[in-house]
Visitor: 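Attaching a single structure in structure tokens format; questions to follow.
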Amino acid sequence: MFRSIALSVLAVLISLGASPAFASSDVPTAVDLTQEPSVSETLRTTTSDSQRYAFTLKASNARMQLRINDIPIMFKVFRNSESIDISFNEWLKRGLNVVDVQIERFSEQEPYDVSFSVYFQSPTQVVSGERRVLFATPEQVSLPLRQPIGIRASSVPSMRIWQTERITFTPEEKDRLIDTINSMRRRMIDALSKSDNAFLATYDKSIRDEVEKAYGRIAGGEQETMKQRMELAERMRKLVNASVQASPELTSDDLNFEVIAEGKLVRVTRLDGGPVIKVTRGDMTFTIAKPIYGTVGGLWDIMRND
């Protein structure tokens, strides 16, 4: 568990000539991105990583957890001036988004050093390496730290992950979720056993398309899917005599369930640290590692395969 102290929130209002605004409350101060640059269709399709929001951190002797809208997306120990850069478009929603940074000292006997920032890049800035800093710490941060940073974004696509219903995670709902996961496991085993390239090429396509959309990229169409199916079929032809191996069917005792996103999503992990589902045939392996599930229309469905 993180030890935390309340620190004042620093936010930068994004407009030309604006000066930093300080707040003494724990309520995050929103960075207003109504002046976000427009994205041309050409830039959407030609840049390798279009319009993005990201977090960058450099630290020594610190451990850190990063949550976006109450979804934990990273936990890492930083030892000797390590740095990391994380893009988080796929976890954003329209309106106010909360980036929650929790950092504490890793070893009380060693000195520490921490600094971080949150930034935005338009497609042209991605290409040029420029960035628009939305929030930046002083050169040195005092630990332990719990820092909420608000970002108000108006132009991010509407993600299915935010169309899920609030969950009452009763034992019955947990059993329904486990049944859903085991049904996916059985379907993946069946697909690999029967060389069902159509299913294997598309079982996670909706998730991949969502992530592409979040970054302003064009999602893969039928032509790309057919290419992937042909590649899978060619690989499977060489595995005629290979048997299918799979991780065991799951029970409640195998899994940890974390209700996140203010009660709208559940992250599922195996207690032994392995992937929730792993199915292998020869040199082909398909995994669902740490899935995030939500309910739409009362039915459990996977929203991300983290």
Side-chain angles (χ1 to χ4, degrees), residues 1-4 55 57 62-78 84 86-93 98-104 106 146 159-189 191-192 200 203-208 210-211 214 245-280 285-296 299-306:
M1 297 294 293
F2 283 89
R3 292 176 294 133
S4 63
F55 175 91
L57 176 136
R63 52 176 167 252
M64 175 247 198
Q65 184 182 74
L66 179 66
R67 301 175 76 95
I68 309 293
N69 292 322
D70 194 36
I71 301 176
I73 67 167
M74 194 202 76
F75 176 82
K76 180 175 172 58
V77 173
F78 295 80
I84 195 166
I86 304 170
S87 186
F88 55 82
N89 285 44
E90 64 266 38
W91 307 109
L92 290 178
K93 56 187 176 182
V98 178
V99 179
D100 189 44
V101 186
Q102 299 178 37
I103 310 175
E104 67 175 9
F106 181 64
R146 181 181 175 88
M159 297 281 101
R160 190 164 180 266
I161 200 169
W162 300 116
Q163 296 167 18
T164 52
E165 298 136 357
R166 187 167 295 278
I167 299 163
T168 303
F169 203 51
T170 61
E172 291 76 19
E173 281 301 314
K174 182 184 292 186
D175 288 343
R176 288 182 62 229
L177 176 53
I178 293 172
D179 285 344
T180 299
I181 296 170
N182 280 325
S183 293
M184 171 62 82
R185 172 187 170 276
R186 290 190 294 271
R187 183 67 183 91
M188 292 177 76
I189 292 171
L192 263 182
L200 295 172
Y203 77 95
D204 63 345
K205 189 176 188 305
S206 61
I207 298 173
R208 288 185 278 119
E210 282 263 292
V211 174
Q245 306 293 327
S247 54
E249 185 161 300
L250 297 160
T251 69
S252 182
D253 292 337
D254 301 316
L255 300 171
N256 179 64
F257 302 89
E258 182 184 6
V259 179
I260 55 177
E262 299 177 348
K264 295 189 69 176
L265 300 169
V266 177
R267 170 173 276 171
V268 185
T269 55
R270 280 189 65 98
L271 292 175
D272 63 8
V276 170
I277 300 173
K278 181 178 180 180
V279 184
T280 302
T285 299
F286 294 85
T287 61
I288 294 180
K290 300 176 182 179
I292 293 177
Y293 279 85
T295 59
V296 178
L299 300 176
W300 286 106
D301 198 3
I302 187 170
M303 299 292 145
R304 292 289 185 274
N305 182 17
D306 189 19

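The model shown is predicted, which means the values in this text are computed figures rather than measured ones.
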Visitor: Taking salt bridge (Lys or Arg N to Asp or Glu O under 4.0 Å) as the test, write out the residues that go with Lys76, two or more places apart.
Guide: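 Once residues adjacent in sequence are excluded, the partners of Lys76 under the salt bridge (Lys or Arg N to Asp or Glu O under 4.0 Å) criterion are Glu82.
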Visitor: Have Asn256 and Glu258 got a donor and an acceptor in their side chains that come within less than 3.5 Å?
Guide: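 Glu258 and Asn256 do not have a side-chain donor-acceptor pair below 3.5 Å.
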Visitor: Taking all atoms of both residues into account, what is the closest heavy-atom pair of Ala62 and Ile103, and its distance?
Guide: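 The pair with the smallest heavy-atom distance is CB-CG2, 3.9 Å.
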Visitor: Hey, does Asn69 have a side-chain heavy atom less than 4.5 Å from the side chain of Phe88?
Guide: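 SC-SC contact between Phe88 and Asn69 ruled out.
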Visitor: Indicate the atoms forming the closest heavy-atom contact of Val296 with Gln163, along with that distance.
Guide: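 Nearest heavy atoms, Val296 then Gln163: CG2-O, 4.3 Å.
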Visitor: For Leu92, does its backbone N or O pair with a side-chain atom of Trp162 as donor and acceptor, under 3.5 Å?
Guide: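 Yes, because the side chain of Trp162 sits within donor-acceptor range (under 3.5 Å) of the backbone of Leu92.
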Visitor: Taking Asp254 for the side chain and Asp272 for the main chain, is one N or O donor matched with an acceptor at less than 3.5 Å?
Guide: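 Not a single qualifying donor-acceptor pair exists.
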Visitor: Minimum heavy-atom separation for Arg267 to Lys290, with atom names?
Guide: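 Nearest heavy atoms, Arg267 then Lys290: NE-O, 4.4 Å.
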Visitor: With side chains defined as the heavy atoms from C-beta onward, is the minimum distance between Ile84 and Met64 less than 4.5 Å?
Guide: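 Side chain of Ile84 against side chain of Met64, heavy atoms only: no contact under 4.5 Å found.
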Visitor: How long is the straight-line distance from CD1 of Ile302 back to CD1 of Ile288, given to the nearest 0.5 Å?
Guide: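 The CD1 atom of Ile288 sits 4.5 Å away from the CD1 atom of Ile302.
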Visitor: Is it true that a side-chain atom of Arg185 and a backbone atom of Leu250 form a donor plus acceptor pair closer than 3.5 Å?
Guide: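 Not confirmed, Arg185 side chain does not pair with Leu250 backbone.
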Visitor: What heavy-atom pair brings Ala261 and Leu265 nearest, and what distance separates the two atoms?
Guide: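 Of all heavy-atom pairs spanning Ala261 and Leu265, the closest is CB-CD1, 3.7 Å.
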Visitor: Please check if any side-chain donor atom of Thr295 sits under 3.5 Å from a side-chain acceptor atom of Glu165, or the reverse.
Guide: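 There is such a pair (donor and acceptor under 3.5 Å, judged by atom type) between the side chains of Thr295 and Glu165.
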Visitor: Count the heavy atoms belonging to other residues, nucleotides or ligands that lie under 6.0 Å from NZ of Lys93, then report whether that count exceeds 12.
Guide: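 Yes, NZ of Lys93 has more than 12 neighbouring heavy atoms, counting only those of other groups under 6.0 Å.
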Visitor: Take Arg67 and Asp70 through the test salt bridge (Lys or Arg N to Asp or Glu O under 4.0 Å) and record every step on the way to the result.
Guide: CA-CA 5 Å; Arg67 301 175 76 95; Asp70 194 36; 3.0 Å; yes
Visitor: For the backbone of Arg160 and the side chain of Glu210, can you confirm whether one donor and one acceptor N or O come within less than 3.5 Å of each other?
Guide: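 Answer holds: yes.
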Visitor: Rounded to the nearest 0.5 Å, what's the gap from CG on Asp204 to CE on Met188? Could you check?
Guide: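 Reported value, rounded in 0.5 Å steps: 8.0 Å.
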Visitor: Is the number of heavy atoms from other residues, nucleotides or ligands under 6.0 Å of Glu262 CD greater than 12?
Guide: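 At most 12 heavy atoms, drawn from other residues, nucleotides or ligands, come within 6.0 Å of this atom.
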Visitor: Please assess Gln65 against Asp100 for the test side-chain contact (heavy atoms from CB on, under 4.5 Å), listing each intermediate value before the final yes or no.
Guide: CA-CA 8 Å; Gln65 184 182 74; Asp100 189 44; 6.0 Å; no
Visitor: Got a sec, which residues hit ring pair (Phe, Tyr, Trp, His ring centres under 6.0 Å) with Phe106, two or more places apart in sequence or on another chain?
Guide: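 With neighbours one apart ignored, the set is empty.
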Visitor: Can you measure from OG1 (Thr269) to CG (Leu255) and round to the nearest 0.5 angstrom?
Guide: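 Between atom OG1 of Thr269 and atom CG of Leu255 there are 7.5 Å.
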Visitor: Taking C-beta and beyond as the side chain, do Phe55 and Ile68 meet within less than 4.5 Å on heavy atoms?
Guide: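 No, too far: nothing below the 4.5 Å cut-off.
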Visitor: Could you measure the distance from the CG atom of Leu57 to the CG atom of Leu66? Nearest 0.5 Å is fine.
Guide: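 Atom-to-atom, Leu57:CG and Leu66:CG are 9.0 Å apart.
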Visitor: To the nearest 0.5 Å, how far apart are CD in Glu90 and CD1 in Ile207?
Guide: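 Those atoms lie 11.5 Å apart.
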Visitor: Please report the closest heavy-atom contact between Leu271 and Asp253, naming both atoms and the distance.
Guide: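 Scanning both residues, the minimum pair turns out to be CD1-O, 3.2 Å.
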Visitor: What is the ring orientation for Trp300 with Tyr293, classed by angle as parallel under 30°, tilted 30 to 60°, or perpendicular over 60°?
Guide: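 Ring orientation of Trp300 relative to Tyr293: perpendicular.
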Visitor: Ile161 and Thr164: which non-hydrogen atoms are nearest, and at how many Å?
Guide: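 The pair with the smallest heavy-atom distance is O-OG1, 3.1 Å.
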Visitor: Can you tell me how far apart CD1 (Ile71) and CH2 (Trp91) are? Round to the nearest 0.5 Å.
Guide: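 Ile71 CD1 to Trp91 CH2: 5.5 Å, rounded to 0.5 Å.
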Visitor: Taking the side chain from Ser247 and the backbone from Lys278, do they hold a donor-acceptor pair closer than 3.5 Å?
Guide: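 Checking the backbone N and O of Lys278 against the side chain of Ser247, a donor-acceptor pair under 3.5 Å is found.
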Visitor: When you measure from the side chain of Asn182 to the backbone N and O of Glu249, does any donor-acceptor pair fall under 3.5 Å?
Guide: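 No, Asn182 side chain to Glu249 backbone: no donor-acceptor pair under 3.5 Å.
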